[in-house]
Amino acid sequence: KITFVSVLNACADDVNLSEGIQMHERVKRSGVELDVIVGSSLIHMYGKCGRIEHAQEIFDKMHSKDVICWTTMITACSSCKSLERARLLFDKMPQRNVVSWNAMLAAYAQQGLLKEVLKFFEKMPERDIVSWNVIVAAYTQHGLIVEAHKVFNKMPKRDVVSWNAVISGYAQQGKLDEALAVFQQMPCPNVVSWTTMLAACAQQGQVDMAVKLFHQMPDRNVVSWNTMISIYVKAGQFKEALDLFQQMPERDVVSWNAMIAAYVQNGQLKEALQLFKQMPRRDVVSWTAMVAAYAEHGELEEAFHLFSQMPNPNVVSWTALVAAYAQNGQLIRAMQLFQQMPRRNVVSWNAMITGYAQQGQLKQAYKLFQEMPQRN
RNA sequence: CACUGAUUCAUUAACGUA
């Protein structure tokens, strides 16, 4: 059981569904699927991989569920964007602890419902540092860094996550100086703090400073390496990106995806495809990056061909395809796909509007603008 | 000395940005 749980957690951390499913099969054969801890790990893994139906199935089959199991299921619903289900579970669960409350709080935050987050926070019977951290992060996600910093100052205790959240808030606003000031004030920066600073440099195109920080960092993990690669890619320094990719001690799917972007940005579509084919595992980002790459080169058939092979296109993948046709003036086809896609967001609408606008079809563009449910 | 599960912070893909 311990081994299964460890491996399942590794699958969850890596968002590796195929390994997770394989492990699930072995779990079933061992007859421990419904063990409360193994079952929770399965739910956790499926939740992270976006397979809420599999998570739910296990949850329903389990005989004895403890508070951790319930909370895991709430988070699974939340990460699969089922806030409603999360709330139903939260209301239904036999006992709650502060972690359950935090999980529900985070579920509201992850939907971007700041008002709900604050309301829920007020209702909480007990709060800990994580609850406060969720509030700080919720503010920064809305670009409300001043509010975030205020909460940071007034929270009863701060840990490294609180500090990192504030730094990240400044970074997202492009306020590199402020981010740096907070970073220098914090007592014990960890690898996340350092990597957040790297990301802050990336935002501002400060490659030199990023390089300096990257070498100064006491330790680096795969995320730090990936961040540095993307900084080089963004700066058009292809060779440096490739060097890092080859030097890094371990690569994950994000590293490979970043290199695909590097090749695409460098105009090397063939090499990008080669990388895509040889990478150990492809996720929705890898597929979408390739679809978008072909689209950008006007190779619509190839883009569509890839799209149709893609295992689980999401709204971003669909929008990439719609934008491909829209930008190449094939608005009828674009509109067909736009109507066909299972879900649309504001970017999908923008892509269609831009397509019509570029073709001079202002009436159509305006009509869509009026129809769209949200505008940015 | 160390061996199992839950909540918060960093990296990669889609539209636009004079």
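We name chains A, B, ... by the order of the sequence lines, and we start the count at 1 in each one.
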Where does RNA chain B pair, written as one dot-bracket string 5' to 3', with Watson-Crick or G-U pairs under 3.5 Å, ( ) inside the strand, [ ] for crossing pairs and | for another strand? ..................

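- Within the nucleic acid shown, A/T288 comes within 4.0 Å of at least one base atom, counting heavy atoms only.
- A side-chain donor from one of A/S168 and A/Q172 sits under 3.5 Å from a side-chain acceptor of the other.
- A/V36 comes within 4.0 angstrom of a nucleotide base, judged by non-hydrogen atoms across all strands.
- Closest approach to the A/T319 side chain among B/rU4, B/rA14, B/rU12 is made by B/rA14 (side chain taken as heavy atoms from C-beta onward).
- Distances shorter than 4.0 Å separate some side-chain N or O of A/Q327 from OP1 or OP2 on B/rG16.
- Of the listed nucleotides (B/rA13, B/rA6, B/rC9), B/rC9 has the atom at the smallest distance from the side chain of A/Q141.
- Listed nucleotides: B/rC9, B/rU11, B/rA14. Nearest to the side chain of A/V254: B/rU11.
- For A/N314, taking side-chain heavy atoms from C-beta onward, the closest of the listed nucleotides B/rA13, B/rG5, B/rA10 is B/rA13.
- Residue contacts shown for A/N190 are absent, as no nucleic acid heavy atom lies under 4.0 Å away.
- Aromatic pair A/F338/A/W318: centroids not less than 6.0 angstrom apart.
- When heavy atoms are screened at a 4.0 angstrom cut-off, A/N221 is found touching base atoms of the nucleic acid.
- A donor-acceptor contact under 3.5 Å is not formed by the side chain of A/N376 with the base of B/rG16.
- Ring centroids of A/F214 and A/W194 are separated by 6.0 Å or more, keeping the two rings apart.
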Between A/N9 and A/S6, is a side chain to side chain donor-acceptor pair (under 3.5 Å) present by the stated rule, with each step listed? CA-CA 5 Å; A/N9 262 334; A/S6 307; over 6 Å; no

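- The pair A/E147-A/K150 meets the salt-bridge criterion, with a side-chain N (NZ, NE, NH1 or NH2) lying under 4.0 Å from an Asp/Glu carboxylate O.
- For a distance-only test at 3.5 Å, the side chain of A/N345 qualifies as a donor-acceptor partner of the base of B/rA14.
- The closest side-chain donor-acceptor pair between A/D66 and A/S64, if any, does not fall under 3.5 angstrom.
- In the set B/rA13, B/rU11, B/rG5, B/rA13 carries the atom at the smallest distance from any side-chain atom of A/A292.
- Residue A/D283 places no side-chain atom within donor-acceptor reach of the base of B/rA13, judged by atom type and a 3.5 Å distance cut-off alone.
- At a cut-off of 3.5 angstrom, counting only N and O atoms as typed in the model, there is a donor on one side and an acceptor on the other between the side-chain of A/N97 and the base of B/rA6.
- Using bins of under 30°, 30° to 60° and over 60° for the plane-to-plane angle, the ring pair A/H149/A/F152 lands in the perpendicular bin.
- Closest to the side chain of A/V192, out of B/rA14, B/rA10, B/rA6, is B/rA10.
- Out of B/rU7, B/rC9, B/rU11, the shortest distance to the side chain of A/N102 is found at B/rU7.
- Among B/rA13, B/rA10, B/rU7, the nucleotide with an atom closest to any side-chain atom of A/V130 is B/rU7.
- For A/S40 and B/rG5, a side-chain-to-base donor-acceptor distance below 3.5 Å is present, hydrogens and geometry of angles not being considered.
- If you check the side chains of A/Y46 and A/H24, you find a donor sitting under 3.5 Å from an acceptor.
- Of the candidate nucleotides B/rA13, B/rA6, B/rU4, B/rU4 has the atom lying nearest to any side-chain atom of A/I2.
- Backbone-only engagement by A/V134 is indicated by non-hydrogen atom pairs under 4.0 Å involving sugar-phosphate atoms exclusively.
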